[in-house]
Amino acid sequence: MPGEKILIIDDEARVVEAIRAVLEDDGYVVMSASSGESALENLDRDLPDLVLLDIWLKGIDGLETLARIRETAPDLGVIMISGHGTIESAIKATRLGALNFIEKPLSLDKLLLEVRQAIKQTALERENRDLRKQVSQRHRIIGQGRSMQSILKRIEVAAPSNARVLISGESGTGKELVAREIHRSSNRSTRSFIEVNCAAIPEDLIESELFGHEKGAFTHAINRKRGKFELAHGGTLFLDEVGDMSLKTQAKVLRVLEEGRIERVGGHQCIPVDVRVIAASNKNLQHEIRENRFREDLFYRLNVIPIDLPPLRERSDDIPDLIRYFLDFFCSEYGKPLKTISTDAMKNLESYSWPGNIRELRNEVERLVIMTGSVEIGTDDLRPELSGMSGHSLSGLPSSGLNLRDARDQFERQYILQNLVKTGWNVTQCADILGIERSNLHRKMKQLGIPSSGDSRTNQIGGRARHVKRGSE
Ligand SMILES: Nc1ncnc2c1ncn2[C@@H]1O[C@H](COP(=O)(O)OP(=O)(O)OP(=O)(O)O)[C@@H](O)[C@H]1O
Ligand SMILES: [Mg+2]
């Protein structure tokens with residue numbers, strides 16, 4: 001693309017001028033240096049888009065110059081030029097990341113083609129890197145609170161292992177985000193992350209979706225199709241809503257996990273697959289096992305590393321960070337100046353129970369960014385159920401349908417949790433705030449199924465007490 005800067009490093013003035021003429025004619029901006037040393041000195045100040053580097057230079061030679069360029073500008077495109085090129089130096093240059101190798105005497109037409117091609121390639125690579133960065137920014141996991149920090153630690157440890165992970169948590173708590181993060185931090189990150197939503201695929205299609213089919217396997221099988229397991233080969237398969245899979249499909253998935261091979265529907269050939277499976281469910285799978293709706297053997301295969309994401313109301317200490325993150329995100333997305341939030345509005349948002357968890361919070365912040373005219377968001381801008389209730393914690397309770405005892409239990413549980421989070425799970429301090437004895441609080445927590453520390457919940461997949469509550473929430 002014209003206007004791009006090209007640096008020629010060559011000590012033969014005649015060659016430099018010939019190349020300069022042809023490149024400038026094509027609209028490039030040309031800079032030159034007669035030695036590796038002088039080029040490196042200026043590299044920081046004036047970074048070119050591409051370098052043409054002679055291999056045979058006085059002082060440090062081209063290969064050494066290339067190695068040093070890599071230290072300062074690892075992504076800079078470099079084409080090597082030489083009249084004395086040998087296979088060995090070509091190999092060395094390629095290892096050091098040179099894009100190509102052109103021999104002297106130069107064909108200026110060929111050189112021009114190579115330059116255009118290299119500029120295009122480096123621009124694409126840059127764009128790709130930027131997009132990846134944007135995507136990973138978009139998928140950042142926010143949460144400085146204890147429970148989220150301990151989950152992040154778990155992800156860090158689990159990711160590089162090849163172990164299966166089972167993520168549980170209510171809707172909108174970030175199960176998919178966590179699954180993607182595990183894949184991104186694993187050594188499979190350059191391969192595919194394939195997602196299957198087991199709840200969204202009709203029963204008669206799920207096997208073909210997972211294992212593929214051969215042409216003619218059933219009425220609509222016009223062509224051979226590869227299934228998700230095959231597509232995820234070398235990468236990660238995310239079985240979302242795994243609790244919604246039928247028992248028949250569960251049996252087939254179990255076999256694939258045990259044997260590491262699939263058979264397409266209507267096929268007779270076993271195809272080996274190397275797939276890491278991450279599963280997620282917002283159902284309590286242990287309850288599903290008791291009800292004979294989920295296979296216990298499959299559960300244990302999937303549940304090698306359990307990650308249980310607590311609902312947002314149990315980690316309200318993360319709410320301010322999440323709000324600031326989404327404000328920043330949506331303001332830049334909608335091209336608006338960064339908005340702030342008043343202390344009262346923040347308090348209201350912190351004490352709301354967020355039944356839709358982080359998804360609901362994200363949507364609310366997006367709405368606020370679009371709808372609020374002023375720079376500061378105040379309580380009046382909030383949805384009715386969020387405004388004017390600062391200090392209350394009844395927001396999570398349904399307005400009817402619970403008997404008094406269940407309603408009282410839910411309120412007590414939520415209120416205690418809120419104060420535990422506030423005190424960093426310090427039971428003594430929390431008991432002080434609540435005006436009860438420490439031992440009494442311990443007893444209450446046990447009775448209401450509240451773990452004794454914020455962290456322990458992450459080890460408590462399908463924890464009985466919690467899920468008993470979940471059923472009635
Ligand atoms: N800790 C977090 N930090 C930042 N964003 C988050 C976090 N957790 C969740 N989100 C965002 O909230 C939204 C919901 O998350 P996600 O889709 O991963 O939830 P889920 O548990 O898979 O929900 P469902 O069960 O409904 O499928 C997404 O936009 C996600 O990016
Ligand atoms: Mg999901």
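One-based numbering, in listed order, for ligands and for the atoms of each.
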Peer 1: If we set the cut-off at 4.0 Å for heavy atoms, which region of Phe326 has an atom near ligand 1: side chain, backbone, both, or neither?
Peer 2: side chain
Peer 1: May I ask you to check whether Lys175 has an N/O atom sitting below 3.5 Å from an N/O atom of ligand 1?
Peer 2: yes
Peer 1: Using a heavy-atom cut-off of under 4.0 Å, does the side chain or the backbone of Asn282 touch ligand 1, or both, or neither?
Peer 2: side chain
Peer 1: Please could you name the atoms of ligand 1 that Arg362 approaches to less than 4.0 Å, counting only its heavy atoms?
Peer 2: 29 (O)
Peer 1: Which of these, Ala280, Ser171, Ala199, has its nearest heavy atom closest to atom 24 (P) of ligand 1?
Peer 2: Ser171
Peer 1: Rounded to the nearest 0.5 Å, what separation is found between the CD atom of Glu207 and the CD1 atom of Ile262?
Peer 2: 12.0 Å
Peer 1: Counting each atom of ligand 1 from 1 as listed, which ones have a heavy atom of Ile142 under 4.0 Å away?
Peer 2: 1 (N), 2 (C), 3 (N), 4 (C)
Peer 1: With heavy-atom distances below 4.0 Å as the criterion, list the atoms of ligand 1 near Arg140.
Peer 2: 3 (N), 4 (C)
Peer 1: Within the structure, does Asp240 bring an N/O atom to less than 3.5 angstrom of an N/O atom in ligand 1?
Peer 2: no
Peer 1: Among Asn357, Ile358, Ile141, whose heavy atom sits nearest atom 8 (N) of ligand 1?
Peer 2: Ile358
Peer 1: Would you please say whether a donor-acceptor pair under 3.5 Å links the side chains of Asp321 and Gln144?
Peer 2: no
Peer 1: Kindly write out the residues that satisfy side-chain hydrogen bond (donor to acceptor under 3.5 Å, both in side chains) with Lys225, not counting sequence neighbours, or none if the list is empty.
Peer 2: Glu209
Peer 1: Report yes if Glu176 has an N/O atom closer than 3.5 Å to an N/O atom of ligand 1; otherwise report no.
Peer 2: yes
Peer 1: Among Leu47, Val78, Leu76, Leu43, find the residue that satisfies the side-chain contact (heavy atoms from CB on, under 4.5 Å) test when tested with Leu7.
Peer 2: Leu43
Peer 1: Of all the heavy atoms in Leu322, does at least one lie under 4.0 Å from an atom in ligand 1?
Peer 2: yes
Peer 1: With a sphere of 6.0 Å drawn around CD1 of Ile370, does it hold more than 12 non-hydrogen atoms of other residues, nucleotides or ligands?
Peer 2: yes
Peer 1: Does Lys336 NZ have over 12 foreign heavy atoms under 6.0 Å away?
Peer 2: yes
Peer 1: Hey, is the main chain of Ser161 close enough, under 3.5 Å, to the side chain of Arg276 for a donor-acceptor pair?
Peer 2: yes
Peer 1: Heavy-atom contact check, 4.0 Å cutoff: does Gly143 meet ligand 1?
Peer 2: no
Peer 1: So if I apply the side-chain contact (heavy atoms from CB on, under 4.5 Å) rule between Arg413 and each of Gln447, Arg408, Glu314, Arg313, which one comes out positive?
Peer 2: Glu314
